[in-house]
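Heads up: numbering here begins at 1 and tracks the sequence. Basis for what follows: all heavy atoms, side chains included, without hydrogens, waters or symmetry-related copies.
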Amino acid sequence: MPRTAGALIPLFSLRSSTDWGVGEIPDLVPFSRWSAGAGIRVVQVLPVAEAARGQNSPYAALSAFAIDPVYLAIDALDDFAAAGGHDALAPADRALLAEVRRSPTVRWNEVRTLKTRALELAFQSFVREEWQRKTRRARELERFAREQAIWIDDYALFVSIHDEVMGGRSWLEWPTPLRDREPGALADTRATLSERILFRVWLQWLCDRQWHAARRGANAVGVELAGDIPFMVAGDSADVWARREDFRLDARVGVPPDAFSATGQDWGLPVYRWAEMEAGGHVWMTARSERMADLYGLYRVDHVVGLYRTYYLPNDGAPAAFVPANVPAQVANGELMMALFSKRARVIAEDLGVVPDFIRESLDALEVPGYRVQRWERSWKEPGQPFRDPAAWPAVSVATSGTHDTDSLADWYESLGEGDRRALLALPGLASLRPRAPARFDAEVRDALLQLLYASGSDLLLLPFQDLMGQRERVNVPGTVNDQNWTYRMPTTISTLTSDLEARLRLRGLAERTGRAAPVAR
């Protein structure tokens, strides 16, 4: 990989003058155009998979394959225009649209409700004008459904039962014939819910069309879209319901005790049956890798340590353990997964937290880049715990200032005590700050810290958008559930950002001075 600068921003955080209170798929094109002008060649988003009901986190997925329809740009849909467009919305919905559009954060419940009502109007128009007349667009939808049959048949049926029949109840609470997928019960339900199933397939077709148009638009200005594949889907998901032979439901995925948590973590997610998945030819994992490569040219593999060895807590209270159980089997399993994911796209590994040496050695041997988070790159066992110089970081690594789970670079810098600040400013790249050793984050501190990371030895640099701009908003606070997590929106629209010539030239200058410049946007 050539030396490259990238920006990390959740899709939901993008803001335009025409969005419906959340970032939308076509917004990726103007944001990529701005990125290219700022010397940025990669735009990474968080997972865009359809979220589990009641969840805002992109890491709790209802499906490993479906794009969340909340990201559809409704104003770009022919079927919405044919249904009457904004004039077809109730006055209360038009007022709500104006309100969520102005909101400083994503108001998920209201946005989802509003978009669902609009999409229902558009779908009825599609059925009436296209599907019943068997038009070209109807045939295109049929072709899409055939091409995606490996996942979309079960997904559309699952969501239709889950939402339309069972009122959102987990599939574990469904009547036995549906819970256990008895063929007769499924056939009868498919017939009864045929139009609602078609609605779900239609939504995914629209998502797919908008996504690939956005990817082509980004690529046309020299920018690659990058994604993020979550370690697991939710237990109440189409995938676990349809392929329960691949998942243990009598245990939960977690993280063992470490320096940050004396009791470890319980994520409450199902556990992979690695042996059974391998015996079955890894059909589901292969399909996931193909789907990711269809959407992205590069993606982050979440919680990569769990692909080598998954820590689980049995529901019966038995001691927690790892699967596979021994190191040789763990290495074999992890390397098999990384080979599968790397076959069709470039991957990077989220290897943060407590990661055994043998896993890092394996990733190094596979030349899969792991993360170097500047605030955590210290020689912890040496006196004074000096920061490691980013200039010495390996080329096969990902340099960054933080993740979607950390506070901003600005807030982190101002949280440093005098000793830690002195240790940070001892880095050769920060010599210009030493005379005044500022305790407050300002433009000079911002530029020096960004220069430090841009000049790092890592070939790939991925910086949160907030840090690139010197802003302080946060995406998520791990271990908390509140109304602020996963609601961050850009403070200005993309068009306003584009008009900020100073920021664009500042970032492009950093990229040019450190050999990371992107082609100039057309």
Inset, instruction - With rounding to the nearest 0.5 Å, note down the distance linking CG in D467 to CG in L8. - result: 9.5 Å

Inset, instruction - Would you confirm whether Y299, through its side chain, and F341, through its main-chain N or O, come within 3.5 Å as a donor-acceptor pair? - result: yes

Inset, instruction - For residues L269 and Y312, determine if any side-chain heavy atom of one lies less than 4.5 Å from a side-chain heavy atom of the other. - result: no

Legend entry - Side-chain donor or acceptor of T113 paired with backbone N/O of E110 under 3.5 Å: no

Please report, to 0.1 Å, the donor-acceptor pairs under 3.5 Å made by any side chain of residues 221-235, with sequence neighbours excluded.
| from | atom 1 | to | atom 2 | distance (Å) |
| --- | --- | --- | --- | --- |
| D228 | OD1 | R300 | NH1 | 3.0 |
| D228 | OD2 | Y59 | OH | 2.6 |
| D228 | OD2 | R300 | NH1 | 2.7 |

Inset, instruction - Please tell me if the side chains of L366 and E335 come closer than 4.5 Å, counting only heavy atoms from C-beta onward. - result: yes

Legend entry - Straight-line distance of L450 CG to L468 CG, nearest 0.5 Å: 6.5 Å

Legend entry - Test item: E414 side-chain N/O and F441 main-chain N/O as donor-acceptor pair under 3.5 Å: yes

Inset, instruction - Verify side-chain hydrogen bond (donor to acceptor under 3.5 Å, both in side chains) between T493 and T496, making sure each step is shown before the conclusion. - result: CA-CA 5 Å; T493 63; T496 301; 3.0 Å; yes

Inset, instruction - Determine yes or no for a side-chain-to-main-chain donor-acceptor pair under 3.5 angstrom, with R273 supplying the side chain and F247 the backbone. - result: yes

Inset, instruction - Please check if the side chain of R252 supplies one atom and the backbone of L313 the other of a donor-acceptor pair under 3.5 Å. - result: yes

Legend entry - W380 and E382: CA distance, side-chain angles, deciding distance, side-chain hydrogen bond (donor to acceptor under 3.5 Å, both in side chains) verdict: CA-CA 6 Å; W380 295 102; E382 294 183 16; over 6 Å; no

Legend entry - Near-ring test H282/W274, centroid separation under 6.0 angstrom: no

Inset, instruction - Could you tell me whether the side chain of T286 reaches within less than 4.5 Å of the side chain of R344, counting heavy atoms only? - result: yes

Inset, instruction - Applying side-chain hydrogen bond (donor to acceptor under 3.5 Å, both in side chains) between N476 and each of N482, N485, T406, T403, report the one that passes. - result: N485

Inset, instruction - Please answer whether the main-chain N or O of A36 pairs with a side-chain N or O of R41 as donor and acceptor at a distance below 3.5 Å. - result: no

Legend entry - Charged N-O contact under 4.0 Å between R489 and D19: yes

Inset, instruction - Look up atom OG1 in T487 and atom CD in Q484, then write down how far apart they are to the nearest 0.5 Å. - result: 6.5 Å

Inset, instruction - Measure the CG-CG distance between L449 and L433 for me, rounded to the nearest 0.5 Å. - result: 7.0 Å

Legend entry - Sequence-distant partners of S458, side-chain hydrogen bond (donor to acceptor under 3.5 Å, both in side chains), two or more places apart: S397

Legend entry - Test salt bridge (Lys or Arg N to Asp or Glu O under 4.0 Å) applied to E290 and K343, step by step: CA-CA 9 Å; E290 291 172 346; K343 186 175 182 180; over 6 Å; no

Legend entry - Side chain proximity check, V271 to V323, heavy atoms < 4.5 angstrom: yes

Inset, instruction - Compute both the distance and the angle, then confirm whether R215 meets the cation-pi test with Y296: under 6.0 Å from the six-membered ring centre, within 45 degrees of the axis. - result: no

Inset, instruction - Any chance you could lay out the side chain to side chain contact (heavy atoms under 4.5 Å, CB included) test for M285 and M277, step after step, and finish with the verdict? - result: CA-CA 8 Å; M285 280 292 194; M277 293 177 87; 3.6 Å; yes

Inset, instruction - Heavy atoms only: give me the nearest L430-L424 pair and the separation to one decimal. - result: CD1-O, 3.4 Å

Legend entry - Any donor-acceptor pair under 3.5 Å from D351 side chain to Y371 backbone: yes

Inset, instruction - May I ask you to say whether D250 pairs ionically with R248, meaning some side-chain N is under 4.0 Å from a carboxylate O? - result: yes

Inset, instruction - Looking only at non-hydrogen atoms, find the nearest pair between R434 and L425 and report the distance. - result: NE-O, 2.6 Å

Inset, instruction - For a salt bridge (charged side-chain N to carboxylate O under 4.0 Å, His left out) with R375, tell me which candidate from D411, D407, D420 qualifies. - result: D407

Inset, instruction - Any chance you could lay out the salt bridge (Lys or Arg N to Asp or Glu O under 4.0 Å) test for D442 and R436, step after step, and finish with the verdict? - result: CA-CA 12 Å; D442 56 22; R436 68 185 185 98; 2.7 Å; yes

Inset, instruction - Spell out, as yes or no, whether a donor-acceptor pair under 3.5 Å connects the side chain of D27 to the backbone of E24. - result: yes

Legend entry - Validation row: V100, L114 side chains within 4.5 angstrom (heavy atoms): yes

Inset, instruction - Looking only at non-hydrogen atoms, find the nearest pair between R372 and P394 and report the distance. - result: NH2-CG, 3.4 Å

Legend entry - Euclidean distance, S35 OG relative to L507 CG, rounded to 0.5 Å: 9.5 Å

Legend entry - Euclidean distance, L463 CG relative to S401 OG, rounded to 0.5 Å: 4.5 Å

Legend entry - Whether W108 side chain and W486 backbone form a donor-acceptor pair below 3.5 Å: yes

Legend entry - Worked verdict on R291 versus D294 for side chain to side chain contact (heavy atoms under 4.5 Å, CB included): CA-CA 5 Å; R291 178 64 167 165; D294 187 43; 3.9 Å; yes

Legend entry - Flag, side chain of S13 to backbone of I9, donor-acceptor distance under 3.5 Å: no

Inset, instruction - List the steps, then state whether side chain to side chain contact (heavy atoms under 4.5 Å, CB included) holds for L11 with L46. - result: CA-CA 7 Å; L11 177 53; L46 299 186; over 6 Å; no

Inset, instruction - Determine the minimum heavy-atom distance between P356 and R309, stating which atoms define it. - result: CG-NH2, 3.2 Å

Atom pairs and distances, side-chain donor-acceptor, residues 61-72, under 3.5 Å, sequence neighbours left out:
| from | atom 1 | to | atom 2 | distance (Å) |
| --- | --- | --- | --- | --- |
| S63 | OG | F65 | N | 3.0 |
| S63 | OG | A66 | N | 3.0 |
| D68 | OD1 | V70 | N | 3.1 |
| D68 | OD1 | R112 | NH1 | 3.0 |
| D68 | OD2 | A51 | N | 3.2 |
| D68 | OD2 | R112 | NH1 | 3.2 |
| D68 | OD2 | R112 | NH2 | 2.9 |

Legend entry - Parallel, tilted or perpendicular, as decided by the 30° and 60° cut-offs, for the rings of W412 and F387: perpendicular

Inset, instruction - Please tell me if the side chains of Y488 and Q466 come closer than 4.5 Å, counting only heavy atoms from C-beta onward. - result: yes

Legend entry - Salt-bridge criterion met for R53 and D236 (N-O under 4.0 Å): no

Inset, instruction - Could you tell me which non-hydrogen atom of S456 sits nearest to which non-hydrogen atom of A399, and how far apart they are? - result: OG-CB, 3.4 Å

Legend entry - Side chain to side chain, F12 and V45, heavy atoms closer than 4.5 Å: no

Inset, instruction - Of all the heavy-atom pairs spanning R446 and R506, show the shortest one and how long it is. - result: NH2-CD, 3.3 Å

Inset, instruction - Check whether any side-chain heavy atom of T105 sits under 4.5 Å from a side-chain heavy atom of D483, and report yes or no. - result: no

